[in-house]
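Structure, as structure tokens:
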Amino acid sequence: SIIFVVFHHLTINYSEGLIGKIYTYFHYFGAVGVDIFLFLSAIGLYYSFSKDENILTFYKRRLLRIFPTFLIIVVPWFYYYDIWVKGNYAWFFGLITSIGYWFKGAGDWFISAIILLYLLYPILYKYLYDKVILAEQLNNECNIYQNNKYSYLIILSLYGIFVLYLRYFFPDYYEALGQSLARFPIFVVGMFASPYIKSDFALPLKKTRIISFIILVVSMFCFGVLALKGKEYAYSYYGRYCFFPMSLAIIIIVSSFYKN
């Protein structure tokens, strides 16, 4: 995930010849690292929250991991530009709290998305998981859960309707938030996978690898067609949602070899 993201943010631009096209493709492709990170984040949050379901403690831990570094980096610049230069205190507040992103598309989309997902996690956790109490597990410090599969279908269906509504009726607002909106499904799928991963659930190894490989090849090809047309196509509505199957296939393939 880290390697993909670092490669994606390289400032080197080279597009000459075949090598240049391959480099450009994987430069765009590197954004898949964000999806992988969000999937793994959902699993990490499940392990953490299932041990201690105190919501205030959960929020405190998450915010302490995000805001100190974020504020050290962004406050000096935002203070200079928005207060010293423009005198816009409201805009400054919106940027440092990430609220401005959800209203104006301003600021860092990734930090804004992470903060929102962390805020929503305890709610999704209560809604998507059903607690299972087994006699031999009563003394276990960690709660045991199973997925409420219908809840996932409802959540993702409503989300899909919401995204389509924004795209067709508020296209400018959708484009401003497109990077973050496209990443919600992979986070939810990470939540779905969490109980299975914790219980060491095993998929059929050979069959899973073959299916995942086919999904990866097809989705990479579709993304490649868009990427060859240019950056605006690679990060378009269709390009962003190519990252979902690609990231999921990569995770399954890599984890299958690691498990093996």
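- In this structure, a donor-acceptor pair under 3.5 Å is present between the side chains of S50 and K198.
- The environment of Y174 atom OH is dense: over 12 non-hydrogen atoms of other residues, nucleotides or ligands sit within 6.0 angstrom.
- Qualifying side-chain hydrogen bond (donor to acceptor under 3.5 Å, both in side chains) partners for S48, counting only residues two or more places apart in sequence or in other chains: none.
- Nearest heavy atoms, V5 versus V34: CG2-N, 3.9 Å.
- In this structure, I215 shares a hydrophobic cluster with I211, the cluster being traced through Ile, Leu, Val, Met, Phe, Trp and Tyr side chains under 4.5 angstrom apart.
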| field | side-chain contact (heavy atoms from CB on, under 4.5 Å) between V188 and F192, worked out | value | CA-CA 6 Å; V188 174; F192 179 82; 5.8 Å; no
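- Looking at F184 and F162, their side chains never come closer than 4.5 Å, going by heavy atoms from C-beta outward.
- Atom-to-atom distance recorded for I55:CD1 and L119:CG is 11.0 Å, nearest 0.5 angstrom.
- Note that CG of L177 is 12.0 Å distant from CZ of F170, once rounded to the nearest 0.5 Å.
- For L158, the CG atom sits in a packed shell: over 12 heavy atoms of surrounding residues, nucleotides or ligands are nearer than 6.0 Å.
- Under the 4.5 Å side-chain heavy-atom criterion for ILVMFWY residues, no single connected hydrophobic cluster contains both L228 and Y23.
- Using a 4.5 Å heavy-atom cutoff, the side chains of I114 and F37 are in contact.
- For residues 232-243, every residue pair satisfying the salt bridge (Lys or Arg N to Asp or Glu O under 4.0 Å) rule, not counting sequence neighbours, is listed here: E175-R240.
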| field | Worked verdict on F29 versus M246 for side-chain contact (heavy atoms from CB on, under 4.5 Å) | value | CA-CA 9 Å; F29 177 81; M246 286 192 293; 3.3 Å; yes
| CA sep, side-chain torsions, deciding dist, call: Q179, F110, side-chain contact (heavy atoms from CB on, under 4.5 Å) | CA-CA 8 Å; Q179 290 270 41; F110 177 74; over 6 Å; no
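- Following chains of ILVMFWY side-chain contacts shorter than 4.5 Å, one cannot reach V218 starting from V32, and the two form parts of different hydrophobic clusters.
- Taking OH of Y168 as the start and CG of L164 as the end, the distance is 6.5 Å to the nearest 0.5 Å.
- Of all heavy-atom pairs spanning A227 and A234, the tightest one is CA-CB, 4.0 Å.
- Residues D108 and Y101 have side chains not in contact (no heavy-atom distance under 4.5 Å, counting atoms from C-beta outward).
- For the pair P195/Y129, a side-chain contact is recorded, criterion being any heavy-atom separation below 4.5 Å from C-beta on.
- Going from atom CE of M191 over to atom OG of S151 covers 10.5 Å, rounded to the nearest 0.5 Å.
- The structure places CG of L38 at 6.5 Å from CG of L117, a figure rounded to the nearest 0.5 Å.
- Residues Y127 and I154 are in side-chain contact: their nearest non-hydrogen atoms beyond the backbone lie under 4.5 Å apart.
- Under the 30°/60° scheme for interplanar angles, the aromatic rings of F7 and H27 are found to stand perpendicular.
- Under the 4.5 Å side-chain heavy-atom criterion for Ile, Leu, Val, Met, Phe, Trp and Tyr, I250 and I210 are members of distinct hydrophobic clusters.
- Screening residues 59-68 for side chain to side chain donor-acceptor pair (under 3.5 Å) gives no qualifying pairs among residues at least two apart or on separate chains.
- Separation of the Y235 and Y28 ring centroids falls under the 6.0 Å cut-off.
- Closest non-hydrogen pair, P185 versus L156, comes out as CA-CD2, 4.2 Å.
- The CG atom of L124 lies 14.5 Å from the OH atom of Y46; values are rounded to the nearest 0.5 Å.
- Closest approach of S1 to I36, counting heavy atoms only: CB-CG2, 3.9 Å.
- Two rings, from Y121 and F58, have their centers less than 6.0 Å apart.
- In plain terms, the two heavy atoms of G190 and A42 that are nearest each other are C-CB, 3.7 Å.
- The shortest side-chain heavy-atom distance between Y25 and M220 falls under the 4.5 Å cut-off.
- Under the 4.5 Å side-chain contact rule for hydrophobic residues, F223 and V225 do not share a cluster.
- Side chain of S212 to backbone of R209: no donor-acceptor contact under 3.5 angstrom is found.
- When every heavy atom of L216 is checked against every heavy atom of A249, the shortest pair comes out as CB-CB, 3.7 Å.
- Within the structure, salt bridge (Lys or Arg N to Asp or Glu O under 4.0 Å) contacts touching residues 181-192 (residues at least two apart or in different chains) are D35-R183.
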| said: Checking I66 against Y118 for the side-chain contact (heavy atoms from CB on, under 4.5 Å) test, could you report, in this order, the C-alpha distance in whole Å, the side-chain angles of both residues, the deciding distance, and whether it holds? | reply: CA-CA 11 Å; I66 296 176; Y118 285 174; 3.4 Å; yes
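- Heavy atoms from other residues, nucleotides or ligands lying under 6.0 Å from CD1 of I3 number 12 at most.
- Counting heavy atoms from C-beta outward, L120 and F187 have side chains that stay 4.5 Å or more apart.
- Linking Ile, Leu, Val, Met, Phe, Trp and Tyr whenever their side-chain heavy atoms come within less than 4.5 Å leaves V6 and I22 in two separate clusters.
- Here the side chains of S194 and I197 are not in contact, with every heavy-atom distance at 4.5 Å or above.
- Checking each of Y238, Y237, F243, F244 against Y241 for a ring pair (Phe, Tyr, Trp, His ring centres under 6.0 Å) leaves exactly one that passes, namely Y237.
- Under the side chain to side chain contact (heavy atoms under 4.5 Å, CB included) criterion, F213 pairs with V217, I253, not counting sequence neighbours.
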